[in-house]
Amino acid sequence: MPKMFLVVFCSVFLGTCYGQFPRACTDDLSLSTGRCCPLWPASDGTGSPCGEALGRGTCRQIQLDDSPHSPSYPYVGADDRERWPTVYWNWTCECRGNFYGVDCSECKYGFVGPDCNERKILIRRNIFDLSWWERTRFLRALDESKTTVSERWVIPLTPYVDVLTNGTKPAFANVTTYNVLAWMHYYVSRNVLLPDGGVFENIDFAHEGPGFLPWHRVFLLLWERELARFVDDEDFTIPYWDWRDLDECGDLCTDDFMGATFQDFSGRLSNGSVFSDWQVICTRDDEYDDLRTVCDGSPEGPLLRNPGTVPDYSTLPAWQDVQDVLKLDQYEPPPYDRSANFSFRNTLEGFAAPDGTASVRSYLHNAVHRFMNGTLSSVGSSANDPLFIIHHAYVDSIYEVWLRKFRPNVSALTAENAPIGHNRGSFMVPFVPLHTSADFFALATDFGYDYDYLIETELAWWEDLGFLKFYGLLVGGMMIGGLLLVLTVTTSRRYCCPARQIYRPRIRRIVRVPTESDPTETEESSGETETTPLINKQEPEPRYAVVYL
């Protein structure tokens, strides 16, 4: 780290100053030594960095991956995002086991408990399946995060080029939690202000390259954990918005959900929406470039949407578009950018048609941004709109379907020659703790979450068939059974019953048998025959013998 830069940088800090980076790593000692290894409080009896005395982690020197990136970025040392994060720190906490965080005081995503050894899988659900209470809680968490100054982050106000060229002391601003996250999305995609007075635009550390999907996966996890703090519920999850085959924004763009839009084409949200008074930040890229400055987090106007008003993007992507992109079995072939053909990443991001052919038109992820025709439609400003979260959650679920279908290993991510920041071994900007794309090229369940429509359950055979197949088989089986029963009965009567009639004994005659109470019976009378029984009510009932043929 340049010594001059550290001296200038450190002179503005007073121990507990916040940072775009962790608060504990912006004190004089951390910045002067280049160490982001916070000490645990002495009251815990430790006083060690990274909770080392408790076996949580240790302070380790950062080992950068120096694999070459593509020549699309031809500069060295012109921007603070290069070789992240060594412009600021060369040492960070390396947490052991399932411990996690800047100082190893948290658990990794997907683990809970005092020792971070209990697995937990949380389920992200369709926003329309949330109960009224769950939806209200989600909207409240968003609004509180927008109005509550972050205790963990600030944003830098001074362009890195000023530090390089004239030693200007960097300044920082406190902003709300939501605005910090919105600023992070701006920060990874902003242009480079060059020392010679020029501006370099062809750069993006989170888009247009292999890192797009892994970067947004960890970004959503960070956002989810931050919002969970506002509802004080470690089981909180963000919902997703399934936009397939929708002709309009529909119920989502109502005051009960994400806000209705005035019909005057101003793009303003109605007063009945919780988001109607939100102010956006980081929406004036051209102005920042002209003034040779960076977004400072100041309010720049209301949140805007005009859904479906762009002629070429008047409807949302179709179900078939998603099916087609899931047929592409290559994650990212060369040249690893927006011109890549038959690339799952490039196609899902929207720089290629659903069949995988690169195009100047926007599709899928990009088309949804364009459809909203407002704050969501610009890369730098898009995270200002809370629709960003639920839209990207659904994009992440498509990424998850593809991972489960093809089960790729990390070699599907290129090790070199991707745009700067997108090689699989590069640390993703601006995350601390440090993460690579390869770290998040894995199933969602590895990070403690899943999507409701992807959950595999043990089904009974009739449930597995589905409604129509099951009842088709049931009705068909009943009809066949009925026909077999009729056939059996008919056959039985034809062959069984005549046989019984053939062998049925016939009564030929009935013979009266003398009894002791009939002394007048003679041999002559005993030989008489009757064709019908003799009934004499005056005498005791006689007995008869039946003679069969």
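Sequential numbering from 1 along the given sequence is applied to the chain's residues. Note that the structure is a prediction, hence the values are computed from the model and not measured.
Tyr160 and Ala78 get closest at one heavy-atom pair: CD2-O, 3.9 Å. Looking at every heavy atom in both residues, Thr309 comes nearest to Asn306 through OG1-O, 2.7 Å.
For His422 and Phe205, the ring centers are positioned 6.0 Å apart or more. Checked against the 6.0 Å centroid criterion, the rings of His207 and His365 do not qualify as a close aromatic pair. Ring centers of Tyr394 and His216: at least 6.0 Å apart, outside the cut-off. Phe351 and Tyr363 have their aromatic ring centers separated by at least 6.0 angstrom. In summary, the aromatic rings of Phe406 and Phe344 are positioned with their centroids too far apart to meet the 6.0 Å limit.
The SG atoms of Cys95 and Cys104 lie less than 2.5 Å from each other. Sulfur-to-sulfur, Cys116 and Cys107 sit under 2.5 Å apart at their SG atoms.
For Glu118 (side chain) and Gly113 (main-chain N/O), no donor-acceptor pair under 3.5 Å exists by modelled atom type. Judged purely by atom type and a 3.5 angstrom limit, Thr86 has no side-chain atom pairing as donor or acceptor with the backbone of Trp89. For the pair Asp337 (side chain) and Glu208 (backbone), a donor-acceptor distance under 3.5 Å is absent. Using a distance-only test at 3.5 Å, with no hydrogens or angles considered, a donor-acceptor pair links the side chain of Arg284 to the main chain of Glu300. Listed for the Asn346 side chain is no donor-acceptor partner under 3.5 Å among the backbone atoms of Gly356. Using a distance-only test at 3.5 Å, with no hydrogens or angles considered, a donor-acceptor pair links the side chain of Glu400 to the main chain of Ala444. Under the 3.5 Å distance criterion, the side-chain polar atoms of Arg407 are matched with a main-chain donor or acceptor of Arg404. A donor-acceptor pair under 3.5 Å is absent between the side-chain atoms of Thr176 and the main chain of Thr147, judged by distance alone. Of the possible donor and acceptor atoms, one in the side chain of Asp245 sits under 3.5 Å from a partner among the backbone N and O of Trp319. Here the side chain of Asp385 pairs no donor or acceptor atom with the backbone of Ser382 at under 3.5 angstrom.
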**Message:** Go through it in stages, so that I can follow the logic: the residues are Phe200 and Tyr73, the test is ring-ring contact (aromatic ring centres under 6.0 Å, His included), and I'd like the CA-CA distance, side-chain angles, deciding distance and then a yes or no.
**Reply:** CA-CA 9 Å; Phe200 185 78; Tyr73 181 74; 5.6 Å; yes
**Request:** Evaluate the disulfide (SG to SG under 2.5 Å) criterion for residues Cys59 and Cys37: first the C-alpha distance (whole Å), next the side-chain angles of each, then the deciding distance (0.1 Å), finally the verdict.
**Result:** CA-CA 6 Å; Cys59 190; Cys37 298; 1.9 Å; yes
**Asked** After noting the C-alpha distance and the side-chain angles of Leu252 and Trp241, does the key distance pass the side-chain contact (heavy atoms from CB on, under 4.5 Å) rule?
**Response** CA-CA 9 Å; Leu252 188 72; Trp241 175 39; 3.3 Å; yes
**Request:** Start with the C-alpha distance between Cys295 and Cys282, add both sets of side-chain angles, then the distance that settles disulfide (SG to SG under 2.5 Å), and finish with yes or no.
**Result:** CA-CA 5 Å; Cys295 170; Cys282 306; 2.0 Å; yes
**Item:** Step-by-step ring-ring contact (aromatic ring centres under 6.0 Å, His included) determination, His185 to Phe388
**Value:** CA-CA 11 Å; His185 195 259; Phe388 177 97; 4.8 Å; yes
**Message:** Test side-chain contact (heavy atoms from CB on, under 4.5 Å) on Ser426 and Trp84; report intermediate values, then the result.
**Reply:** CA-CA 8 Å; Ser426 301; Trp84 179 261; over 6 Å; no
**Message:** Show, in sequence, the C-alpha distance, side-chain angles and deciding distance for Leu413 and Glu332, and conclude whether the side-chain contact (heavy atoms from CB on, under 4.5 Å) test is met.
**Reply:** CA-CA 7 Å; Leu413 290 170; Glu332 187 78 30; 5.9 Å; no
**Item:** Stepwise side chain to side chain donor-acceptor pair (under 3.5 Å) test for Tyr453 and Ser397
**Value:** CA-CA 9 Å; Tyr453 74 96; Ser397 78; 2.7 Å; yes
**Request:** Before giving the answer on salt bridge (charged side-chain N to carboxylate O under 4.0 Å, His left out), spell out for Lys120 and Asp235 the whole-Å C-alpha distance, their side-chain angles and the decisive distance to 0.1 Å.
**Result:** CA-CA 9 Å; Lys120 177 178 283 190; Asp235 293 337; 2.7 Å; yes
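Using the six-membered ring where Trp is involved, Tyr331 and Tyr399 have ring planes that are tilted, between 30° and 60° apart. Using cut-offs of 30° and 60° for the angle between ring planes, the Phe447 and Phe440 rings count as parallel. The aromatic rings of Trp183 and Tyr187 sit parallel to each other, their planes meeting at less than 30°, with 60° as the upper class boundary.
The pair Asp439-Arg424 does not meet the salt-bridge criterion, since no charged nitrogen lies less than 4.0 angstrom from a carboxylate oxygen. A salt bridge links Arg83 with Asp66: at least one charged nitrogen is closer than 4.0 Å to a carboxylate oxygen. Taking 4.0 Å as the cut-off between side-chain N and carboxylate O, Glu134 and Arg137 do not count as a salt-bridged pair. Using a 4.0 Å cut-off between charged side-chain N and carboxylate O, Arg225 and Glu106 make a salt bridge. For Asp289 and Arg190, the salt-bridge test fails: no basic side-chain N is under 4.0 Å from an acidic carboxylate O.
A cation-pi contact, defined as under 6.0 Å to the ring centre and within 45° of the axis, is absent between Arg140 and Phe230. Figure legend: cation-pi geometry between Arg125 and Tyr451 absent, as NZ or CZ is not positioned both under 6.0 Å from the six-membered ring centre and within 45° of its axis.
Heavy-atom neighbours of Arg268 CZ from other residues, nucleotides or ligands within 6.0 Å: at or below the threshold of 12. Surrounding CG of Asn409 are more than 12 heavy atoms belonging to other residues, nucleotides or ligands, all under 6.0 Å away.
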